[in-house]
Amino acid sequence: MTVPTPPAGSEEPVAYDPTAVEAKWRARWAERGTNATDLHGARPYYQLMMFPYPSAEGLHIGNLYAFTGNDIHGRFQRMQGHTVLEPLGYDAFGIHSENFALKMGVHPTELIPRNVANFRRQLDRAGLMVDWRRQVDTTDPAYYKWTQWVFLKLYERGLAYKKQAAVNWCPSCKTVLANEQVINGACERCHTVVEQRALEQWFFRITAYAERLLKNLDWIDWSESTRTAQRNWLGRSEGAELRFRVLDPLTDAGSAGVMVSQEITSGSTVIPVFTTRPDTIFGATYLVLAPEHPAVERITTAEQRADIEAYRERARRQDLVSRQVNKEKTGVFTGAYAVNPANGDMIPVWTADYVLMGYGTGAIMAVPGHDERDFEFATAFNLPIVRVVAAPDDDAHTPLTAAYTDDADGRLVNSDQFNGLPVADAKRQVTDWLTQRGTAKAVTTYRLRDWCVSRQRYWGPPIPIIYCDACGTVPVPEQDLPVVLPNVPDYKPDDSGVGPLARHAAFHDAPCPKCGKPARRETDVSDTFLDSAWYFLRYPSVPRDDVPFDPALTKTWLPVAAYIGGNEHAVLHLLYARFINMVMFDAGLVPTEEPFKRFRAHGMIIRDGAKMSKSRGNVVNPDAYMDQWGADTVRTYLMFIGPFEEGGDFRDQSISGVRRFLDRLWASARDARTDGEPDAEVMRKLHQTIKKVGDDVPALSYNTAIAAMMEYMNVLRRGERVPHRAEVEPLVQLAAPFAPHITEELWELFGRSGSVFDAGWPAYSEALAQDDAFDLVVQVNGKTRGKVSVPRDVTQEAALAAAQADAGLAKFITGAPKKVVYVKGRLLSVVV
RNA sequence: GCGAGAGUGGCGAAACUGGCAGACGCGCUGGACUUAGGAUCCAGUGGGGUGACCCUUGCGGGUUCGAGUCCCGCCUCUCGCACCA
């Protein structure tokens with residue numbers, strides 16, 4: 001492919017033709033291996049972008065936005081002398097692909113390669129500096145062999161376990177979902193309301209890492225918004241677990257107020273509750289257990305049994321949305337009483353769905369005086385409300401018209417020996433006191449739950465476990481990996497709670513690896529988020545088949561130097577990836593506890609002020625724009641429309657400005673003169689621009705870097721001047737990360753032999769960038785009244801004299817100044 | 001409700017630790033070149049006033065020689081989390 005040259009003798013200058021230039025350099029890069037990374041090169045720099053799910057619709061403009069932002073950063077680092085590894089792959093397993101395949105009636109094994117091929121074509125066009133030799137595809141057995149290996153590593157370390165639990169079940173996707181995949185009680189994929197089902201599932205013990213995952217957030221170099229989202233998700237809260245003994249009808253019979261049941265209960269039941277406010281124990285007037293709490297069964301009295309059963313049944317059937325959205329308090333008395341460990345009061349035990357089984361112990365002590373939810377419940381059911389904390393202006397007898405929850409200024413009342421203590425002190429002292437009495441311990445609870453990784457679906461890596469009647473649960477030995485996902489025509493999920501692979505005897509039946517007797521394979525596959533939780537470890541070691549990641553390469557390339565991606569993955573992918581990396585670190589397989597040295601969340605692209613969506617019909621098709629404007633223009637435009645970390649508004653109308661800039665760059669290089677000297681004024685602006693672009697690009701301020709180059713372009717061509725080559729050539733380098741094809745072409749036009757990306761970054765000279773005279777702003781009484789041209793290092797006296805000598809300024813400076821403020825190099829402020 | 005972020009021309013947006021508000025681009029206006037212009041180039045472009053000047057960064061106060069930027073009190077929007085005890 002060559003760029004058309006004008007016919008001999010033609011006067012017509014060659015116009016910028018992006019189609020030809022881009023095709024030429026795509027071919028040239030492939031031929032020369034320009035984008036191939038030497039894994040043993042000097043100053044390794046791992047530039048990571050979030051690999052896409054290859055949808056049938058093709059590359060989304062949002063993907064392109066993220067990739068371009070990464071690519072510019074990677075290319076810039078290369079021009080700074082780093083050996084940059086910029087890999088990419090496909091996150092092609094998962095429910096989304098499978099649902100789409102089912103809908104279209106095309107098997108995923110056919111659909112995915114087709115989508116991948118289309119993605120690859122679009123990605124190639126975008127001019128990314130990707131080393132495709134390191135590509136990964138999560139659906140390739142050569143990859144998921146190691147995903148299964150990761151599962152086994154966790155199993156080995158006691159971090160993967162199977163348990164029966166109430167889990168989120170999507171009736172439409174017919175599979176369980178992780179908590180992270182349930183948004184407002186609905187499936188994040190299909191938005192169907194999620195049900196609760198009791199199923200046996202594989203879990204990863206991520207909660208064992210909660211503390212470390214939280215602590216490292218204090219120092220990792222990540223976008224603040226992402227760290228905050230993770231902190232909230234981990235949800236650490238400090239408090240105490242208090243033990244309440246439920247009165248036994250036999251032993252406690254005769255105690256005043258106990259309703260003796262005919263039912264004989266065996267032994268005494270102790271209900272542990274978690275609270276962050278142990279200081280309010282004297283105000284705990286009843287207990288509430290979640291409807292699913294196992295103790296409910298045991299303590300309910302005969303009189304209350306029918307009501308309780310009905311209530312539990314209702315709660316069980318109710319989906320999460322109505323349970324969460326309908327916040328009206330409901331509940332039923334169990335008939336049982338428990339003893340308040342602080343004051344010995346007998347308090348009723350209720351069950352209510354405002355208490356969640358999944359958090360803390362699934363039971364609470366209700367302190368209606370100082371908790372809004374308990375106050376609401378107590379009011380609805382006429383339960384006693386006791387004040388145990390008083391605001392500075394209140395006393396022990398001030399009536400409570402609402403829960404008083406302030407824990408900063410309150411002091412304890414109605415709490416025996418703790419009266420008068422501030423809340424913070426009381427928390428500690430009450431916990432200590434109860435701990436000594438054996439009814440409490442200080443505990444820290446996390447909102448985070450263990451990661452449910454089983455999926456009752458087809459399109460994922462089979463979980464490498466075999467169940468043997470004799471040997472029990474047996475992990476598939478490493479040498480038997482991968483457990484290949486069979487290519488079966490019947491892969492539709494059903495409502496049985498068991499994955500479709502269970503229907504395929506050839507897969508399901510397998511000999512026990514230990515004893516060789518007939519046994520059964522696990523038929524669930526693992527969550528897609530496991531595929532992506534370790535992919536960054538794999539890239540440098542592709543295509544090694546003997547190890548998931550080579551120790552030496554991993555040590556060289558990890559942790560990732562720069563990771564840029566969408567904040568929608570703040571608590572999913574990014575938390576799981578940190579967890580898996582931490583486990584690998586504990587196993588001595590990766591060099592650092594944290595996988596990503598630096599993470600930045602990019603913003604979202606909207607279009608004409610509105611969110612892009614298929615239903616709105618305002619989705620930008622990258623192919624059409626690259627056809628019309630060229631990839632370099634699309635890339636540069638995407639980066640120009642707003643701050644990269646905040647996103648921007650894609651408007652068709654504005655793209656022409658960026659194309660005009662590249663047209664002018666082309667013309668400036670083509671027509672540049674080589675005779676004589678470059679203009680000193682222009683060169684000064686050039687050096688200021690080198691500085692600005694060099695500062696802005698690593699800070700991801702791409703929009704201002706482009707603006708600076710445009711500004712320089714205006715100077716370069718002001719008044720239709722013909723620029724000197726020395727004025728243009730460095731600009732070609734500055735623009736290269738943004739517009740790689742055109743700049744390679746112009747670099748070649750200048751007679752350079754290698755790639756512009758191996759030519760380094762233009763040298764910046766502070767001396768050349770410095771203006772010798774400048775305009776000093778003069779303010780009088782706080783108002784800007786004009787400016788005077790003075791030397792840069794002028795003294796205050798000289799500056800004031802210059803201001804007073806200026807006719808336009810002198811009229812404002814009447815009489816002797818009362819006060820003069822002089823900021824060197826900036827302004828002079830005179831008060832009269 | 002809690003947490004995070006953001007409100008600046010007709011539009012997308014700039015503004016380093018407080019120091020000329022509106023860089024750059026779109027659009028618009030005028031001009032040049034043209035048979036032509038939805039091409040290219042040049043110039044202008046926050047609002048008001050004939051003018052010297054005045055007003056202007058969501059609203060109201062404050063600190064300061066000086067506030068888009070800092071402090072106090074509100075309003076609006078976006079994104080997370082949401083009965084988490």
Side-chain angles (χ1 to χ4, degrees), chain A residues 15 183-185 223-229 231-233 235-237 239 273-277 280 288 323-329 352-356 358-367 370-374 376-377 445-449 567-568 570-571 603-604 606 608-609 611 637 640-643 645-658 660-661 663-664 667 695 701 703-714 717-720 775-787 811 817-823 825-832:
Chain A
I183 312 295
N184 287 326
S223 292
E224 191 54 46
S225 58
T226 314
R227 293 195 293 172
T228 305
R231 261 188 212 112
N232 292 342
W233 190 262
R236 178 191 155 97
S237 57
V273 307
F274 173 73
T275 179
T276 55
R277 295 293 304 273
T280 61
V288 188
R323 185 162 161 174
Q324 287 180 350
V325 169
N326 177 14
K327 304 220 169 146
E328 205 147 293
K329 295 284 180 289
D353 68 2
Y354 82 94
V355 173
L356 310 174
Y359 184 75
T361 61
I364 63 155
M365 65 174 204
V367 184
H370 306 285
D371 181 283
E372 280 161 20
R373 297 150 301 180
D374 298 342
E376 199 188 322
F377 190 81
T445 301
Y446 290 87
R447 207 187 77 106
L448 180 76
R449 325 258 173 94
N567 227 0
E568 68 272 17
V571 294
M604 292 243 296
I606 56 172
D608 299 321
K611 215 173 203 161
Y637 175 61
F640 182 64
I641 57 181
E645 291 176 82
E646 282 163 43
D649 193 356
F650 191 104
R651 287 167 185 266
D652 289 10
Q653 216 180 29
S654 316
I655 196 167
S656 60
V658 169
R660 191 145 33 232
F661 169 71
D663 280 332
R664 283 163 34 114
D695 287 346
S701 292
N703 57 333
T704 52
I706 295 164
M709 290 189 280
M710 288 174 163
E711 212 178 319
Y712 177 59
M713 181 68 76
N714 290 339
R717 298 178 66 82
R718 182 154 45 203
E720 296 183 54
D775 290 335
L776 180 75
V777 174
V778 180
Q779 294 182 349
V780 181
N781 289 340
K783 286 191 168 146
T784 302
R785 292 300 185 181
K787 40 198 163 182
K811 67 179 174 186
K818 283 198 197 110
K819 182 172 179 179
V820 177
V821 178
Y822 173 60
V823 184
R826 288 206 186 275
L827 92 168
L828 180 74
S829 184
V830 185
V831 186
V832 293

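Below, chains carry the letters A, B, ... as their sequence lines are ordered, and counting in each starts from 1. Please read these numbers as outputs of a predicted model, since none were measured by experiment.
- Residues satisfying the side-chain hydrogen bond (donor to acceptor under 3.5 Å, both in side chains) test with A:Thr704, not counting sequence neighbours, are A:Asp696.
- In this structure A:Ser225 satisfies the side-chain hydrogen bond (donor to acceptor under 3.5 Å, both in side chains) test together with A:Asn567, sequence neighbours excluded.
- Taking 4.5 Å as the limit, every side-chain heavy atom of A:Glu376 sits out of range of all side-chain heavy atoms of A:Tyr354.
- Considering A:Val820, A:Val821, A:Asn781 in turn, A:Asn781 is the only one that fulfils the side-chain contact (heavy atoms from CB on, under 4.5 Å) rule with A:Val831.
- Using a 4.0 Å heavy-atom cutoff across all strands shown, A:Arg651 reaches sugar-phosphate atoms only and no base atom.
- Under the rule for a side-chain hydrogen bond (donor to acceptor under 3.5 Å, both in side chains), the partners of A:Asp649 that lie at least two apart in sequence or sit in another chain are A:Arg651.
- With sequence neighbours excluded, no residue forms a side-chain hydrogen bond (donor to acceptor under 3.5 Å, both in side chains) with A:Arg660.
- Taken together, the paired segments of RNA chain B that extend over three or more consecutive Watson-Crick or G-U pairs, each closer than 3.5 Å at both contacts, are B:1-7 with B:75-81, B:10-12 with B:24-26, B:27-32 with B:40-45, B:46-48 with B:53-55, B:58-62 with B:70-74.
- Between the base of B:C83 and the side chain of A:Lys329 there is a donor-acceptor pair shorter than 3.5 Å.
- Across all strands shown, A:Gly782 has heavy atoms under 4.0 Å from sugar-phosphate atoms exclusively, and none from any base.
- For A:Tyr637, the ring pair (Phe, Tyr, Trp, His ring centres under 6.0 Å) partners at least two apart in sequence or on another chain are A:Phe650.
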Report, as a single string ordered 5' to 3', how protein heavy atoms within less than 4.0 Å touch nucleotides 1-7 of chain B: B base, S sugar-phosphate only, - not at all.
-> --S----

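- Atom CE of residue A:Met365 and atom CZ of residue A:Phe274 lie 10.5 Å apart, to the nearest 0.5 angstrom.
- In this structure, A:Asp608 and A:Gln653 have side chains that are not in contact, with every pair of non-hydrogen atoms separated by 4.5 Å or more.
- Other residues, nucleotides and ligands contribute only 12 or fewer heavy atoms inside 6.0 Å of the CD atom of A:Glu372.
- In this structure, A:Met710 and A:Tyr446 both approach RNA chain B, and ranking their closest nucleotides by distance from the 5' end singles out A:Met710.
- Between A:Leu776 and A:Tyr822, some side-chain heavy-atom pair lies under the 4.5 Å cut-off.
- Residue A:Ile364 is in base contact, counting any heavy-atom pair closer than 4.0 Å across all strands shown.
- Counting heavy atoms from C-beta outward, A:Val658 and A:Met710 have side chains that approach closer than 4.5 Å.
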Take nucleotides 15-23 of chain B nucleotide by nucleotide from the 5' end and write B, S or -, depending on whether a protein heavy atom sits under 4.0 Å from the base, only from the sugar-phosphate, or from neither.
-> -B--BBS-B

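- Side-chain contact between A:Met604 and A:Lys611 is present, with heavy atoms from C-beta onward closer than 4.5 Å.
- Partners of A:Lys818 by side-chain contact (heavy atoms from CB on, under 4.5 Å), not counting sequence neighbours: none found.
- A search for ring pair (Phe, Tyr, Trp, His ring centres under 6.0 Å) contacts involving A:Tyr359 returns nothing, not counting sequence neighbours.
- Residue A:Trp233 has its side chain nearest to B:C81 when only B:A85, B:C26, B:C81 are considered.
- Heavy-atom nearest nucleotides on RNA chain B were determined for A:Asp374 and for A:Asp649, and the one closer to the 5' end corresponds to A:Asp649.
- For B:G9, the base adopts the syn conformation, since its glycosidic angle falls within 90 degrees of zero.
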Contact list (N/O, under 3.5 angstrom) for nucleotides 41-45 of chain B vs protein:
residue, atom, partner, partner atom, Å
B:C41, O2', A:Glu720, OE1, 3.4
B:C41, O2', A:Glu720, OE2, 2.5
B:C42, OP1, A:Arg717, O, 3.4

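- Comparing the same atom, P, in B:G30 and in B:G18 gives a spacing of 44 Å after rounding to whole Å.
- The C1' atoms of B:U8 and B:C2 are separated by 29 Å, rounded to the nearest whole Å.
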For A:Thr784 and A:Gln779, what are the C-alpha separation, side-chain angles and deciding distance, and is it a side chain to side chain contact (heavy atoms under 4.5 Å, CB included)?
-> CA-CA 4 Å; A:Thr784 302; A:Gln779 294 182 349; 3.7 Å; yes

Scoring nucleotides 49-57 of chain B by protein non-hydrogen atoms under 4.0 Å (B base, S sugar-phosphate only, - none) yields ---SSS---

